[in-house]
Structure formats: C-alpha cells, structure tokens
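Working notes for the structure below.
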Amino acid sequence: MASRSLSHPEPNQVLFEESSCVRKVILNRPHKLNSLTYEMISQILRNLEVYEKDPMVKLLILKGQGKAFCAGGDVVGMVLSINEGHWSFGASFYKKQLTLDYLLATSTKPLVSLINGIVMGGGAGLSMNSMFRVVTENTVFAMPEGQIGFFPDVGASYFLSRLPGYFGEYLGLTGARLDGKEMLACGLATHFVLSKDLLLLENALSEVASSDASTISRVISGFSSKISLKKESAYRRLETINKCFSRRTVEEILSMLENEAANGDNKWIIQAISSMKSASPTSLKIFLKLIREGRTKELKDCLIQDYTIACHMFQRTFNPDFIEGSRAKLFEKGKQPKWEPSKLELVRDDFVNQYFEKVDDADWEYLQLPARPNLAKTWESKL
C-alpha cells in the first residue's frame, strides 16, 4: 500500500493558490469526496511550513473542490496496507494526519475553512479547529466512525466535548448528521453563508491584508445569512439529549433513549438507537471514555490519545473490529459486521482501558507534537 500510494500518486491532489497576502489550500480529489491521502497531507504540511515563515502571508483559506469539503481519510488504502501486514504504514499515515491537524489548529496565521458539502472524519480534523469555520446550506457534518469499528478521532474528543450540554456525546455515539444551520447553532461553525455567495466571500477574503481576527470576521459577516432550524432538528431536543447522553455508561444512555422512544414516536431517537445498536460496542465505549476525559484536556493531549488508540486498532491488539467493520461496510458495501465482543455488556471497563495504554511494540512511541506558541483557544467547554 505504501509503495502504491507514494510511487503512483494522482496528480494535483491539492492545489495551492496565492493572492497578495492570502494563500489558498484546495483539496482536489472531488471524485473521492476529497478523502485525504498520504501525499495530500505531506504536500499541505510542506506548504504550511513555508506560509508560516513568510511575513507577507496574513491569511490562509482551506476549501475542497466539488460536492465535498473532505469526507475523511483514505481508510480503504489504510486497511489494504494493514491486511498486507503493514500496520506501521497506517500508523505513519495517521501520525502525519494528526500532526497536520495540530499545526492547522495552532497556526500562526488565521485560517478560514470554507466548508461547502460533506465534512466527516479527517475533514473535521482539518477544519473544526480553524479560527473561522464557514458553512452553507450544502454542508453535512458527521462523525460515523463507530459504524466501521473505529471511533470519532482527529481531536473530536476535544471539539465535540465543548459543544453545549451533551450534544457532543450524541453526535459521536450515534454518528448523526448535521446540516450547516445546525452546525452554526451548536457552535461547530462560526458563520453561515449561502453557497451562491461563497465565491464572492472568497474573493473578498483574497483582498485581506491583515491577520487581525476582527477584520477577517467583519469581512465574513458581510456575506453571512441568518438561520432558522428545521422543526425536526435534533438540536431543538437538547434537553432530552442532555437527559439521555449525560448518563455514566453507554448501556444507561441506550436505556434512557429507549424509555424516551416509548413515550412517543420520536424519529431522531429511533435513529439514534438503531445507529448505536449497529455500531461496534467497543468503539462506543472507547469514545464515551474519550469525550468525558477530553472535556478537561488540551487539543494536543486529545490528539496524542487518539494516536495511541488508533495504533491498537491498526495492530488488532485486542480485537479486529476496525478491520472487520471496514470489510463489511467499505469493501462489501453495507453488510453488518461481526463485532468482538458482540454486546455492550461484554465490553468491560478494563478491556476498554487497555486501548488507552502504550502499544507493546519495540519501535512504537507516543505521538510527538511540536511545541507551539499559538495554542488552540478556539473552544471552551459549554458545560
């Protein structure tokens, strides 16, 4: 897999444009919903280093070509590599991806993410810690990793834990989708701009000659539209979500949801229950522990923990759920995976805790992230 990815990369997977004091990073795999490859991450890292050292650069813009901003990382390629016996390539890929997420989050230059279309998984890692997160009526956000035996990662335990109440637990445990208006309402986005105005906004941002956040915000606000949530939006049910998803265990959360569903025909609750019951029980328990701990951690520590857990999954240290889930959902398209353990009550706390400990491999070490003066301060816990 490593040789295939690096020896025969698709041309122009990322485009880089310059406009006076502004630099644009454009994800350019529209046929693959801009899913991230090793080469894409490497190219962005190289250019980001140049931009940060250039005093002429005042602002960075990140966007995607086509109908997606970024649907995530190249999971299929990673799983193929692991199945060929190269789990360390998956670890190397992932280390580079998390490093990029951290450098973007702590960038010395203000970053505007123009999120028009699908943003999931690795796409959220790129954009959710941007200073400015602009969404449209086309935006669809989700972290559905539990369905393939993985977990909401790339710092999700940091940015989801800082949403109002326990809305982050709801999103991470159910993989529920949000539209752009819901993202703005809960705080995942900073601005809502109609897609028809997005190019006008981009052109206006291209003229910015300052790194002053209030100046940039005023430019974006000039193109922003007011929102109103749909009547059926789950965010309108925050009181019920808090009541259910504040429970201590996944089993208790599921039980509370089932009690609520029995009190009325609530479509969003039925969907939440169905999604949780089809996800990997191990993944659900890992994420609940992650997000609860993430509320009191810095982004850097959340990313370091993500790397440790992911390496255990790549190595299949304790169970094969990630590989099994990918096989069923991505390779065989829509089949139900056979999870190990198969039920929530069989996933003990001591089993989950092992994923948070050091990987037993002579060449393995914890994720090392560089010291950065510009610590990410985008989020504060809303609890």
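For reference, positions follow the sequence shown, starting with 1.
- Counting non-hydrogen atoms of neighbouring residues, nucleotides and ligands closer than 6.0 angstrom, the CZ atom of R237 exceeds 12 such neighbours.
- In this structure a side-chain-to-backbone donor-acceptor pair under 3.5 Å is present from E52 to T108.
- In plain terms, the two heavy atoms of G66 and P30 that are nearest each other are CA-CB, 4.2 Å.
- A distance of 6.0 Å or more separates the ring centres of Y307 and Y366.
- Here K329 pairs with nothing under the salt bridge (charged side-chain N to carboxylate O under 4.0 Å, His left out) rule; sequence neighbours left out.
- Expressed to the nearest 0.5 Å, how far OG1 of T240 lies from CG of N242 amounts to 9.0 Å.
- K285 places a side-chain N or O within donor-acceptor distance of the main-chain N or O of L344, the cut-off being under 3.5 Å.
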Test log, rule side chain to side chain contact (heavy atoms under 4.5 Å, CB included), inputs V25 and F16: CA-CA 5 Å; V25 178; F16 300 94; 4.0 Å; yes
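- Of the possible donor and acceptor atoms, none in the side chain of T308 sits under 3.5 Å from a partner among the backbone N and O of F356.
- Taking the six-membered ring where the residue is Trp, F159 and F141 present perpendicular rings, their angle passing 60° and hence far from 30°.
- No hydrogens or angles considered: nothing links the side chains of S88 and D363 as a donor-acceptor pair under 3.5 Å.
- Side-chain atoms of S35 never come within 3.5 Å of backbone atoms of D74 as a donor-acceptor pair (strictly under, hydrogens ignored).
- Using modelled atom types and a 3.5 Å distance limit, the side chains of S113 and S130 yield a donor-acceptor pair.
- In this structure, a donor-acceptor pair under 3.5 Å is absent between the side chains of N129 and Y158.
- Using bins of under 30°, 30° to 60° and over 60° for the plane-to-plane angle, the ring pair Y38/F93 lands in the tilted bin.
- Looking at E39 and T37, their side chains never bring a donor and an acceptor atom within 3.5 Å of each other.
- Counting non-hydrogen atoms of other residues, nucleotides and ligands closer than 6.0 Å to CG of D360 gives a total of 12 or fewer.
- Other residues, nucleotides and ligands contribute over 12 non-hydrogen atoms within 6.0 Å of the NZ atom of K358.
- In this structure, the side chain of S217 does not engage the main chain of A213 through any donor-acceptor pair within 3.5 Å.
- In this structure, the side chain of K109 engages the main chain of D54 through a donor-acceptor pair within 3.5 Å.
- Judged by distance alone, the side chain of R23 and the main-chain N or O of L48 form no donor-acceptor pair under 3.5 Å.
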Side chain to side chain donor-acceptor pair (under 3.5 Å) between N116 and T136, intermediate numbers included: CA-CA 6 Å; N116 186 32; T136 76; 2.6 Å; yes
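- In terms of modelled atom types and a separation under 3.5 Å, the side chain of R247 and the main chain of M256 share no donor-acceptor contact.
- In terms of heavy-atom proximity, A272 sits nearest to Y170 at CB-CE1, 4.3 Å.
- Side-chain contact, S161 with K297: no donor N or O sits under 3.5 Å from an acceptor N or O.
- Electrostatic pairing of D179 and K181 does not count as a salt bridge here, judged by no charged N lying under 4.0 Å from a carboxylate O.
- Contact check on E10 versus R29 returns a salt bridge, with a Lys/Arg side-chain nitrogen under 4.0 Å from an Asp/Glu carboxylate oxygen.
- Ring to ring, F151 and Y355 are not that close: their centroids are 6.0 angstrom or more apart.
- Here the side chain of S274 pairs no donor or acceptor atom with the backbone of I270 at under 3.5 angstrom.
- Of the listed residues (E169, E252, E260), just one forms a salt bridge (charged side-chain N to carboxylate O under 4.0 Å, His left out) with K243, and that residue is E260.
- For E239, the CD atom sits in a loose shell: 12 or fewer heavy atoms of surrounding residues, nucleotides or ligands are nearer than 6.0 Å.
- S278 and Q336 are not linked by any side-chain donor-acceptor pair at a separation below 3.5 angstrom, with hydrogens and angles left out of the test.
- Panel note: side chain R316, backbone H312; no donor-acceptor pair is recorded below 3.5 Å.
- When only modelled atom types and interatomic distance are considered, E137 and S195 share a side-chain donor-acceptor pair under 3.5 Å.
- Between K277 and E258 there is a salt bridge, with a side-chain nitrogen of the basic residue lying less than 4.0 Å from a carboxylate oxygen of the acidic one.
- Hydrophobic clustering, defined by side-chain heavy atoms of Ile, Leu, Val, Met, Phe, Trp and Tyr closer than 4.5 Å, groups I26 together with L15.
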Steps toward side chain to side chain donor-acceptor pair (under 3.5 Å) verdict (Q147, S275): CA-CA 8 Å; Q147 297 296 319; S275 177; 3.2 Å; yes
